[in-house]
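A short worksheet on the structure shown next.
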Amino acid sequence: MEAWRRQLEDPVRAFPIVKAGPAHIATLKTYDPPLSALEGRRLEGVERRAKRLLLPTDDGELVLLVHLMTAGRLRYLRAGEDGPKTPAFRLEFEGGSKLVLTEAGAKKRAGVWLLTPEQAQAELAHLGPEAFGLGAERLAAICASESRRLHSLLRDQKAIAGIGRAWANEILHAAQLSPYALTRDLDEAELGRLGGAIDSELARGLELRERGANDKKTYRVHNKLGEPCHVCGTPIARVDFEEHTIYYCPDCQTGGRTLKDRRLSRLLR
Ligand SMILES: [Zn+2]
């Protein structure tokens, strides 16, 4: 998301908006203020909060909030550049350039909200602190606050904002921790490794994205079932947990043990 933000920051503020919309009915989540309220205004740039992009107007009166979910893509098209016929959402700027949101697949999950600054603040209030730069001390406090499995904690935007399922896999591998390890069982050294891995993996991801790397090149563990671990060569394993698929190295992370599908083992118990 940070790579997206940097890419869009300059283009979106170059010209005022002449036309806001159309928007797919499932994509636009708000109707007051109306989208047309954006017309004639200029965006100030792009900010990021966890996985949401915020595009405030330069008069400070409105905030366009975009959540791409998994399949949404936000693109800036220069004047005359070909774009999708029916984007999920579109902004047109003076001079003909456009910002378009597209979403692969039939299910529309990405969302666009047009909010006042107060509404935006309320919308974001439930998010936890940003993952990057969290530091071992705050991480220790978060881990101590409730006992739960690490993979689930890392994905929970209310606890720590900004880590999705793929990066939870990458981070836990870099920290040499089991995805099933319980937050309260971590010792000081493990907390230190986890804090370090959050920063180093998110920084690595950002750098690769900025160089244009795709998922296959960016991830080293996520979606790599059966491929050799880049540290020890053991084939990467996977397990289903809470509607998510976890990828991990049984040698680096779980002391050689294979993790059990929690849903299945619950049925068999
Ligand atoms: Zn390994």
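Counting convention: from 1, in listed order, for ligands and their atoms alike. Position 1 is the first residue of the sequence; numbering continues from there.
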Atoms named by residue and atom, protein N, O or S, within reach of the Zn ion (ligand 1) (under 2.8 Å): C229 SG, C232 SG, C249 SG, C252 SG
Where the side chain of Y180 meets the backbone of K260, is there a donor-acceptor pair that is under 3.5 Å apart? yes
Closest non-hydrogen atom pair, P117 against E61: CD-O, 3.2 Å
Does S97 reach the main-chain N or O of F93 with its side chain, forming a donor-acceptor pair under 3.5 Å? no
Polar side-chain atom of T57 near backbone of L62 as donor-acceptor pair, under 3.5 Å: yes
Donor-acceptor pair between Y248 and S178 side chains, under 3.5 angstrom: no
Residues R5, E2: salt bridge by 4.0 Å N-O rule: yes
